[in-house]
Every structure is written in structure tokens, then in C-alpha cells.
Amino acid sequence: MPKPFDKLTATAAPIMRSNVDTDVIIRIERLVGNGIRGTLGKWAFGSLRYLADGSENPEFILNREPYREAEILVTGPNFGCGSSREGAVWSLQERGIRAIIGSGFGDIFFANCFQNGILPVVVDKAVVDQLAADIEATQGAGKISIDLEAQTIVSPSGARHSFEIDPRRREGLLKGLDEVALTLQRDDEIHAFQASDRTARPWIHSTRTSA
């Protein structure tokens, strides 16, 4: 079950490259080779994080302090594009990522984020560029705050930005429920109301039969 998401203040790392597809996030052979969750976090962005000899790429931002501890990614356009499956989201989740802010995402990746408790926030590209500039200005020391209830982002400079989110998906993140669990919960609530209403107003629910 996804972990409930409410408010988050954390280090953010900018990955501003456009069209980062899911093979860049994690290659499919890593899923086949490892098979189970719990081992995928170390392979997140493997093609960018590691050099041919297996050593860490010093140019990749998540290999540097303070970005190693980042829980938020600020991303370029169309992040998570391609034939995404849950493995790409799992690898980010196990890497410690709780939220991703960008101007657009791959559709399947976007849905899988909600299913697994990661908040994908869609904002204008100008907002993304401003957040990335604020992070760079503080060399990663300034944190980003996200309030899901209020649907606001506060940048390291103190600037506030609003965002919109589907109410049902927002409810799921706040409660730590995926869409299936939300549907079951809603069905239970409907059944409970109907049972209560039958007791309170039985004449409405009685079946009339003609003589």
C-alpha cells in the first residue's frame, strides 16, 4: 500500500533533460535480472549515474552532495515517456523520491506514480525553470516544500506556486490508497449509507407488489 502523502519539505535535484524515457530511469534488463522490488533503487538512472568501468559519473547530479539525499526531482519536459511499467516508478521510490515536479510526464508513468505513492506535480515550464534556478542558486542547500492539501509549492527563494490535481488521485495520496482501494472504500461507504438509510426510511426501499 502506498505511503500517505501530505506535506513534504526536502532537498530537490534538477534533472532538466527533455524526454527522459523509462529506459533512462531504469533499463528493462535490470528488472529481468533483479526481478523483485527492494533491489531496484540502486539502478535508478543507471545509464547516467555510472561510467563504463562501473564507477560513479561525477557529472551526474544525484551522485553529488547534497543531491544524494534528494526526495524531490525537478524535471524537464516529458519525463517518464516511453513504454513505462511500474519498475521505473519502483526504482525512483526505492531511491527515496517522493515527488516529481515537471511540465509534463509520460501518461503511463504519470498514472503509475499515483498508484505507488509518488506525487507527480504538473506546472508551467516557467515555474519548473524558476525552481531549477532557485535550487542552483543555493547549490542544493535550499529545500522545496510541497503541500498536497493546499496544492502549493514553496521554492527555495520563498516564491509560492499553485498546482492542480485530480481530486480522486489527491485523495488516494493523502490516505495512502491506490485507485483500487479507493474504489473499494467508496463502495463500502455507499453500502453503509444504503444500509443505514434502509433502517431510517424503510418505506423508500420497500418493494411494492400489486394485488
Side-chain angles (χ1 to χ4, degrees), residues 2 5 8 10-34 37 39-52 54-136 139-140 143-144 146 153 155-156 161 163 165-166 169 173:
F5 189 112
L8 175 66
T11 298
I15 298 180
M16 300 303 290
R17 174 176 161 182
S18 299
N19 302 314
V20 172
D21 67 28
T22 51
D23 268 354
V24 172
I25 297 173
I26 185 166
R27 293 192 63 82
I28 188 65
E29 56 263 30
R30 294 302 183 191
L31 301 180
V32 174
N34 291 281
R37 295 180 67 172
T39 63
L40 300 179
K42 67 179 180 179
W43 300 113
F45 300 108
S47 61
L48 302 179
R49 288 174 65 192
Y50 303 110
L51 300 174
S55 62
E56 289 191 342
N57 178 0
E59 299 302 316
F60 184 56
I61 197 165
L62 290 178
N63 287 340
R64 292 184 264 146
E65 297 293 347
Y67 302 110
R68 286 180 183 273
E69 306 304 318
E71 296 180 58
I72 300 170
L73 297 181
V74 176
T75 64
N78 206 24
F79 185 86
C81 58
S83 56
S84 175
R85 295 297 180 262
E86 286 180 306
V89 175
W90 291 345
S91 66
L92 295 179
Q93 187 180 48
E94 292 176 11
R95 173 67 178 69
I97 302 302
R98 300 284 321 280
I100 308 171
I101 303 171
S103 59
F105 301 95
D107 291 342
I108 299 174
F109 176 84
F110 184 73
N112 283 339
C113 282
F114 286 105
Q115 290 286 77
N116 290 277
I118 292 179
L119 170 62
V121 178
V122 179
V123 293
D124 289 341
K125 185 179 182 299
V127 174
V128 175
D129 291 342
Q130 185 60 60
L131 290 172
D134 288 349
I135 294 167
E136 184 176 353
Q139 298 183 331
K143 299 183 185 298
I144 285 178
I146 302 174
I153 301 167
S155 77
H161 308 281
F163 62 90
I165 186 171
D166 176 80
R169 285 173 161 168
L173 284 171

Next on the checklist: What verdict does the side chain to side chain contact (heavy atoms under 4.5 Å, CB included) test give for I25 and F45, after you've listed the backbone C-alpha separation in whole Å, the side-chain angles of each residue and the deciding distance to 0.1 Å?
Outcome noted: CA-CA 4 Å; I25 297 173; F45 300 108; 4.1 Å; yes
Item to check | Verdict with reasoning, W90 to I26, per side chain to side chain contact (heavy atoms under 4.5 Å, CB included) | outcome: CA-CA 9 Å; W90 291 345; I26 185 166; over 6 Å; no
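You'll find the side chain of V89 reaches within 4.5 Å of the side chain of F109, heavy atoms only. A 4.5 Å side-chain heavy-atom check between L62 and R95 finds at least one atom pair inside the cut-off. Side-chain contact between F110 and V122: present, with at least one pair of heavy atoms (C-beta onward) separated by less than 4.5 Å. Contact check for L8 versus L119: no side-chain heavy atoms found under the 4.5 Å cut-off. Residues I146 and R98 are not in side-chain contact: their nearest non-hydrogen atoms beyond the backbone lie 4.5 Å or more apart.
Here CG of L173 is found 10.5 Å from CG of N116. Values are rounded to the nearest 0.5 Å. Rounding to the nearest 0.5 angstrom, the gap separating the CD1 atom in I135 from the CE atom in M16 is 8.5 Å. One finds the CD1 atom of I61 at 8.5 Å from the CD atom of E136 (value rounded to the nearest 0.5 Å). Here the straight-line distance linking atom CD1 of I118 with atom CG of L92 works out to 5.5 Å at 0.5 Å rounding.
Counting only distance, with no hydrogens or angles, the side chain of R49 and the backbone of A44 share a donor-acceptor pair below 3.5 Å. Of the possible polar contacts, one joining the R68 side chain to the N63 backbone as a donor-acceptor pair under 3.5 Å is found. The backbone N or O of E59 sits less than 3.5 Å from a side-chain atom of N57, completing a donor-acceptor pair. R169 places no side-chain N or O within 3.5 Å of a backbone atom of A111 that could act as its donor or acceptor partner. Listed for the D134 side chain is no donor-acceptor partner under 3.5 Å among the backbone atoms of P156.
Under the side chain to side chain donor-acceptor pair (under 3.5 Å) criterion, R64 pairs with no residue, sequence neighbours left out. Annotation: salt bridge (charged side-chain N to carboxylate O under 4.0 Å, His left out) contacts of D129 (sequence neighbours excluded): K125.
In this structure, G80 and T22 approach most closely via the heavy-atom pair O-CG2, 3.8 Å. Across all their heavy atoms, Q139 and P66 have their closest contact at O-CD, 3.5 Å. The two residues P14 and Y67 come nearest to each other via the heavy atoms CD-CE2, 4.0 Å.
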Report, one line per pair, each donor and acceptor closer than 3.5 Å where one atom sits in a side chain of residues 70-78; sequence neighbours left out.
from: T75; atom 1: OG1; to: I101; atom 2: O; distance (Å): 3.3
from: N78; atom 1: ND2; to: N19; atom 2: OD1; distance (Å): 3.0

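Crowding of E56 atom CD: a count of heavy atoms from other residues, nucleotides or ligands under 6.0 Å exceeding 12.
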